[in-house]
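Reviewing the structure listed below.
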2 protein chains.
Amino acid sequence: MQADAATAGTTHPTRRERVREATLLEIKEIARRHLVAHGPPGVSLRAIAREMGMTAPGLYRYFGSHDELMLAMQADYFTELADAVRAADASLPPDDVDGRIHAALRAFRRWALANRAEFALLFGPPGPHHGTPEGPAVAAGQEFAAVFFTLFDRLLAEERFAVPDDDALTPVLCRQLTAFAEHTGFSTAPPLGALHLLTSCWVRLYGVVCMEVFHHLGFIGDDVDALFEAELRGILAAVGVPYRVP
Amino acid sequence: MQADAATAGTTHPTRRERVREATLLEIKEIARRHLVAHGPPGVSLRAIAREMGMTAPGLYRYFGSHDELMLAMQADYFTELADAVRAADASLPPDDVDGRIHAALRAFRRWALANRAEFALLFGPPGPHHGTPEGPAVAAGQEFAAVFFTLFDRLLAEERFAVPDDDALTPVLCRQLTAFAEHTGFSTAPPLGALHLLTSCWVRLYGVVCMEVFHHLGFIGDDVDALFEAELRGILAAVGVPYRVP
DNA sequence: TGGCGCAAGCTTACGGCGTTCACGGAAGTT
DNA sequence: AACTTCCGTGAACGCCGTAAGCTTGCGCCA
């Protein structure tokens with residue numbers, strides 16, 4: 001009973017809730033191991049249950065369906081990735097803006113490479129079977145996106161780069177970007193040209209990392225570090241950040 | 001019998017071979033419909049066989065396994081995509097180099113959007129279940145890559161852009177690019193800086209198209225055309241091609 | 001033209017999958 | 001002590017890929 005009060009974070013959970021939470025965690029942990037070992041099709045309720053010493057229908061007390069489990073995993077990985085990027089960003093002194101963005105972008109790639117299967121679940125093709133993002137997964141995804149918005153906001157505030165002229169943008173692109181700006185929680189709505197630049201950078205980063213994680217960069221050889229660093233240099237140059245070697 | 005001679009392409013195939021070929025085609029055609037309709041997990045031997053009025057084990061006369069079928073499909077889609085890009089390239093007069101590369105890159109995206117599921121199979125995450133490329137699939141993939149090499153070779157021959165200085169490249173990146181150059185069948189080995197530029201452009205193109213196909217560009221709104229065109233402009237600018245509206 | 005060989009396709013079977021439903025028992029509540 | 005709530009089981013249904021053995025009939029060659 002005293003243990004309850006000790007472990008209780010905010011609202012002291014009953015014993016039942018604690019053991020339930022532990023089971024929930026165990027399920028997702030085993031599921032992740034299977035995902036890493038055998039890919040998305042390898043994460044099966046029956047296999048998880050077997051490893052836990054129970055039967056598959058029992059798992060339905062915790063997840064309404066196989067898809068729901070996948071969604072929960074997606075949400076977990078989004079927040080884990082966001083935490084990894086944030087941690088890298090925070091690992092350098094606040095005034096070292098250049099160093100922090102280098103660290104953050106490299107952390108994104110590092111997490112992706114260290115967690116290929118999980119990354120594929122987040123950024124690979126959607127579909128009925130890795131689960132079309134819904135509910136908590138999409139929220140976690142937006143929280144992840146916010147991390148990059150913050151990084152970018154800092155650069156923007158410091159006026160590190162010349163904001164491209166809005167006149168260069170197509171009217172329809174302007175409309176899209178305006179909606180985008182409203183949709184996100186920027187402190188002060190950035191100029192459209194800057195938003196476009198951010199999008200472009202994100203696309204490039206996504207491109208390199210995806211290609212590497214999905215093994216579509218085999219033609220360049222085994223050491224993709226060099227290519228990534230070169231891309232990183234280009235991406236950072238677009239936002240006025242001088243490149244630094246790792 | 002006369003039909004034999006009429007339909008025979010090169011070496012007149014026996015009747016058995018013809019009907020076998022037709023069955024092979026029918027299998028892949030049905031498989032593709034299922035892929036499009038229900039994603040990779042939806043393409044199942046049993047469902048295909050059912051639709052053909054036969055039983056699943058019968059299909060093993062045509063494909064050694066489910067994976068082998070997937071690989072064959074990958075190979076087909078690679079050549080189909082390569083054909084689409086080549087056709088777009090060839091649809092303009094040979095001397096209109098700028099127009100041709102515009103058409104080719106747009107054709108790549110168009111095919112990807114019109115064949116999302118197929119594109120995901122080709123450029124999505126690998127794995128035991130969409131099949132790690134082997135044999136004919138990888139050959140078809142290289143043939144596809146060659147299409148882009150050709151496009152780029154043309155720009156390079158015309159000296160459309162300032163080739164970046166090789167000194168700006170990391171030694172290890174130089175080594176990777178050198179291996180890359182030897183590995184591919186360029187007429188005359190291009191400078192390393194140019195190769196790097198090509199790779200960078202390809203990464204950017206892959207990035208936009210992947211994000212769009214995988215529905216990871218939802219934040220920008222429903223009309224992604226504008227964003228793609230803006231990226232295209234940037235990509236082309238990198239190789240000295242002035243942008244033209246579609 | 002007759003017969004033979006071989007490939008196509010079927011049947012049956014095994015193990016694995018997600019999911020549903022009815023049930024027992026334990027934990028917690030009143 | 002009675003009652004409720006939740007956890008987990010067992011059996012069942014229909015799906016899946018794949019293996020082994022068997023029948024049938026087409027097509028080649030003598």
Side-chain angles (χ1 to χ4, degrees), chain A residues 1 3-4 8 11-28 30-31 34-35 37-73 127-132, chain B residues 1 3-5 7-8 11-28 30-31 34-35 37-73 127-132:
Chain A
M1 299 303 158
D4 265 18
T11 159
H12 61 142
T14 124
R15 167 184 166 73
R16 254 165 121 102
E17 288 170 331
R18 270 185 291 122
V19 54
R20 181 181 174 81
E21 202 61 28
T23 310
L24 222 61
L25 243 58
E26 186 186 358
I27 294 173
K28 293 196 288 188
I30 298 180
H34 288 211
L35 172 69
H38 308 109
V43 42
S44 80
L45 295 181
R46 290 190 123 106
I48 296 169
R50 209 179 302 131
E51 189 164 335
M52 294 178 63
M54 54 186 281
T55 61
L59 295 180
Y60 279 75
R61 298 284 171 192
Y62 299 91
F63 293 98
S65 72
H66 181 261
D67 254 31
E68 204 173 286
L69 168 60
M70 293 303 246
L71 258 345
M73 293 168 71
H129 113 283
H130 351 20
T132 315
Chain B
M1 298 301 159
D4 266 18
T7 60
T11 158
H12 62 143
T14 126
R15 167 183 165 74
R16 254 161 115 108
E17 288 169 332
R18 271 184 292 125
V19 51
R20 181 181 175 82
E21 203 61 28
T23 311
L24 223 62
L25 243 59
E26 185 185 358
I27 293 173
K28 293 196 288 187
I30 297 179
H34 288 209
L35 173 69
H38 309 109
V43 42
S44 81
L45 295 182
R46 289 191 123 104
I48 296 169
R50 208 179 304 130
E51 189 165 335
M52 294 178 63
M54 54 186 282
T55 62
L59 294 181
Y60 278 75
R61 299 284 168 185
Y62 299 91
F63 293 99
S65 72
H66 180 261
D67 256 31
E68 204 173 286
L69 168 60
M70 293 304 246
L71 258 344
M73 292 167 72
H129 108 282
H130 349 20
T132 316

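The basis for the numbers below is simple: all heavy atoms, side chains too, and nothing from hydrogens, waters or symmetry mates. Residue numbers begin at 1 in each chain, while the letters A, B, ... track the order of the sequences.
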Shortest non-hydrogen contact between B:Thr55 and B:Ala49, atoms and distance: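 Between these two residues, the closest heavy atoms are C-CB, 3.5 Å.
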Heavy-atom closest contact (B:His34 atom, B:Val43 atom, distance):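 The answer is CB-CA, 4.2 Å.
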Starting at [atom1] of [X] and ending at [atom2] of [N], how long is that distance when rounded to a whole Å?
{"X": "A:Glu68", "N": "C:dG18", "atom1": "CD", "atom2": "P", "result": "14 Å"}
{"X": "B:Leu45", "N": "D:dG17", "atom1": "CG", "atom2": "P", "result": "5 Å"}
{"X": "B:Met54", "N": "D:dG17", "atom1": "CE", "atom2": "P", "result": "13 Å"}
{"X": "B:Arg18", "N": "C:dA8", "atom1": "CZ", "atom2": "P", "result": "15 Å"}
{"X": "A:His34", "N": "C:dG16", "atom1": "NE2", "atom2": "C1'", "result": "14 Å"}
{"X": "B:His66", "N": "D:dC15", "atom1": "NE2", "atom2": "C1'", "result": "13 Å"}
{"X": "B:Ile48", "N": "D:dG17", "atom1": "CD1", "atom2": "C1'", "result": "12 Å"}
{"X": "B:Leu59", "N": "D:dC16", "atom1": "CG", "atom2": "C1'", "result": "13 Å"}

Taking any heavy-atom pair under 4.0 Å as a contact, classify [X]: base, sugar-phosphate, or nothing.
{"X": "B:Ala56", "answer": "base"}
{"X": "A:Ser65", "answer": "sugar-phosphate"}
{"X": "A:Phe63", "answer": "nothing"}
{"X": "B:Gly53", "answer": "sugar-phosphate"}

A:Ser65 side, atom OG; A:Met70 side, atom CE - distance, nearest 0.5 Å: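 The OG atom of A:Ser65 sits 10.5 Å away from the CE atom of A:Met70.
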Straight-line distance of B:Glu26 CD to B:Met54 CE, nearest 0.5 Å: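 Rounded to the nearest 0.5 Å, the CD-CE separation comes to 9.0 Å.
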Counting just side-chain N and O atoms, does [X] come under 4.0 Å of either OP1 or OP2 of [N]?
{"X": "A:Arg20", "N": "D:dC7", "result": "yes"}
{"X": "A:Ser44", "N": "C:dC17", "result": "yes"}
{"X": "A:Tyr60", "N": "C:dT19", "result": "yes"}

Comparing A:Pro57 and A:Gly42 on DNA chain C - which has the more 5′ nearest nucleotide: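 In this pair, the answer is A:Gly42.
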Worked verdict on B:Met52 versus B:Thr23 for side chain to side chain contact (heavy atoms under 4.5 Å, CB included): CA-CA 9 Å; B:Met52 294 178 63; B:Thr23 311; 3.9 Å; yes
Stepwise side chain to side chain contact (heavy atoms under 4.5 Å, CB included) check, A:Arg18 with A:Thr14: CA-CA 6 Å; A:Arg18 270 185 291 122; A:Thr14 124; over 6 Å; no
Are any protein N/O atoms closer than 3.5 Å to N/O atoms in nucleotides 28-30 of chain C? If there are, list each pair with its distance.
{"unit_1": "C:dG28", "atom_1": "OP1", "unit_2": "A:Arg15", "atom_2": "NE", "d": "3.3"}
{"unit_1": "C:dG28", "atom_1": "O4'", "unit_2": "A:Arg16", "atom_2": "NH1", "d": "3.4"}

Proximal nucleotide (of D:dG10, D:dC16, C:dG9) relative to the A:Thr55 side chain: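 Selected nucleotide: D:dG10.
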Candidate pair B:Ile48 and B:Leu69, rule side chain to side chain contact (heavy atoms under 4.5 Å, CB included), full reasoning: CA-CA 11 Å; B:Ile48 296 169; B:Leu69 168 60; 3.8 Å; yes
Verdict with reasoning, B:Leu71 to B:Phe63, per side chain to side chain contact (heavy atoms under 4.5 Å, CB included): CA-CA 10 Å; B:Leu71 258 344; B:Phe63 293 99; over 6 Å; no
Donor-acceptor pair present, A:Arg61 side chain and D:dG8 base, under 3.5 Å: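 Such a pair is found, so the answer is yes.
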